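Atoms considered below: every heavy atom in the structure, side chains included; atoms not considered: hydrogens, waters and symmetry mates. Bear in mind the structure is a predicted one, so any value in this text is a computation, not a measurement. For ligands, and for the atoms within them, numbers begin at 1 and follow the listed sequence.
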Amino acid sequence: MHIPIRKIIFCTIMITLAYFSLSGCMPVTNATESPKTVLPSSMENNAAASKTDVATYSVNPSEDGSYYVELFAMDTEMTLKVYGNHGREAALAAVREIQRFDHLFSTGLSDSCVSTLNAQKKAIWPEDAITVLTEALALYKSTDGAFNISLYPINQAWGFTSDTDYRIPGDTELEALIQHTNCEDILLQEEERQVVISDPDMEIDLGGIVKGFTSNRVMEIFEEYGCESAVVSLGGNVQVLHRKPDGSLWKIAVQNPVDDGNYLAVIQAEDKAVITSGGYERYFVDDNGTVYHHIMDPATGYPANSGLLSVSIISDDGTLADGLSTALFVLGEEKAIDYWRQHADTFDTILYTDDHRLLASGGLKDRITSDTHAVIFFE
Ligand code: AMP
Ligand code: MG
């Protein structure tokens, strides 16, 4: 018997919102509501455009001149807050794009581009999807396979794709599934935008990277509309446009994986994504109290047991930040630090270890604070 626990990523959003409210950047009104908030009918509601939406969304003007949106997409709660003359139109355009991506990358919809590829092993994909796939495959290479999009059948075997049928697969079952996780078998013909999977038993899932790609795109939309400032949280993955309207830096709280009551750290940022991966986001516990989470070590088929409780990535590039937060979590402290040393021009990182050390890359020296931990910097 296993006790299923799905600690929905919403708690990270709560922390983010709560902190924004403390810092005066985000209204507190929604901070204690449940994830499936029913929105006031007087607000501008829009029925779901995508088949995967389970709720309506609303674009709400705030007293500070911003527009605020809550929606459920990509299996998570999302919030957008945008400032500027065309904030309302920008927010609506961003929601449409999120819903489009939700549909493109869903593993739950049979007509998404991911499901079509998984079923037919060959598909023509739209340009956005090709871009994500290209970045995912580049990360597979640069992380020596720690970031691997072909673990979908392994995630399924553990029950993480349904979040109801959790189980511990046997070693023979996992060894058989690992045989079909060589991403060299994913062939990309960029000009034709065609993707081919040469292994008939391989299935992919872009869940480890797609939210960061989406927040990147949302920032592009906000820029296209000339917005002066914005902050989005897609399941706790935060990305900000420029500075706050008062000219100060955004303050983004990073959740403490073992203490809901306190933030691990606060990052000051402008034009950055701050994206965190941790085993605490989705997991179940067996009868012996062993925790099994959703980030898989491609080498074992088991949840990664790398000595890290969470990894945050701070980068201009949300796609990179999302992929790397997952990958460095798998790699563990030593390899993660080595990776950062080789790519320090593209991101910074915060590593929280299972012995509760808070490590941060040198680039964060002037931008990170923690009320609860001494920050140990590495260069
Ligand atoms: P994230 O929350 O961004 O760390 O992504 C976790 C999700 O990525 C999981 O729910 C899986 O869908 C997928 N995933 C799990 N392990 C890996 C891995 N090693 N590489 C890439 N994606 C993974
Ligand atoms: Mg990720």
Protein N/O/S atoms closer than 2.8 Å to the Mg ion (ligand 2), ordered by chain and number, come to Gly208 O, Asp322 O, Asp322 OD1, Thr326 OG1

Per-atom contacts, ligand 1 versus [X] - under 4.0 Å to a heavy atom:
| X | answer |
| --- | --- |
| Ser277 | 1 (P), 3 (O), 4 (O) |
| Gly207 | 5 (O), 8 (O) |
| Asp205 | 11 (C), 12 (O), 13 (C) |
| Asn155 | 11 (C), 15 (C) |
| Asp322 | 3 (O) |

Go through the side-chain N and O atoms of [X] and [Y] and say whether any donor and acceptor fall under 3.5 Å apart.
| X | Y | value |
| --- | --- | --- |
| Ser112 | Ser106 | no |
| Lys244 | Ser229 | no |
| Ser370 | Tyr263 | no |

Of Thr181, Asn148, Ile149, the one whose closest heavy atom lies nearest atom 22 (N) of ligand 1 is Asn148

Side chain, backbone, both or neither: which applies to [X] and ligand 1 if a contact is any heavy-atom pair less than 4.0 Å apart?
| X | value |
| --- | --- |
| Ala146 | backbone |
| Ile275 | neither |
| Lys211 | neither |

Applying salt bridge (Lys or Arg N to Asp or Glu O under 4.0 Å) to Asp355 and not counting sequence neighbours gives Arg357

Could you go step by step and tell me if His293 and Phe160 meet the ring-ring contact (aromatic ring centres under 6.0 Å, His included) rule? CA-CA 8 Å; His293 61 72; Phe160 285 113; 7.8 Å; no

Looking only at heavy atoms, the pair that brings Phe72 and Glu77 closest together is CD1-OE2, 3.4 Å

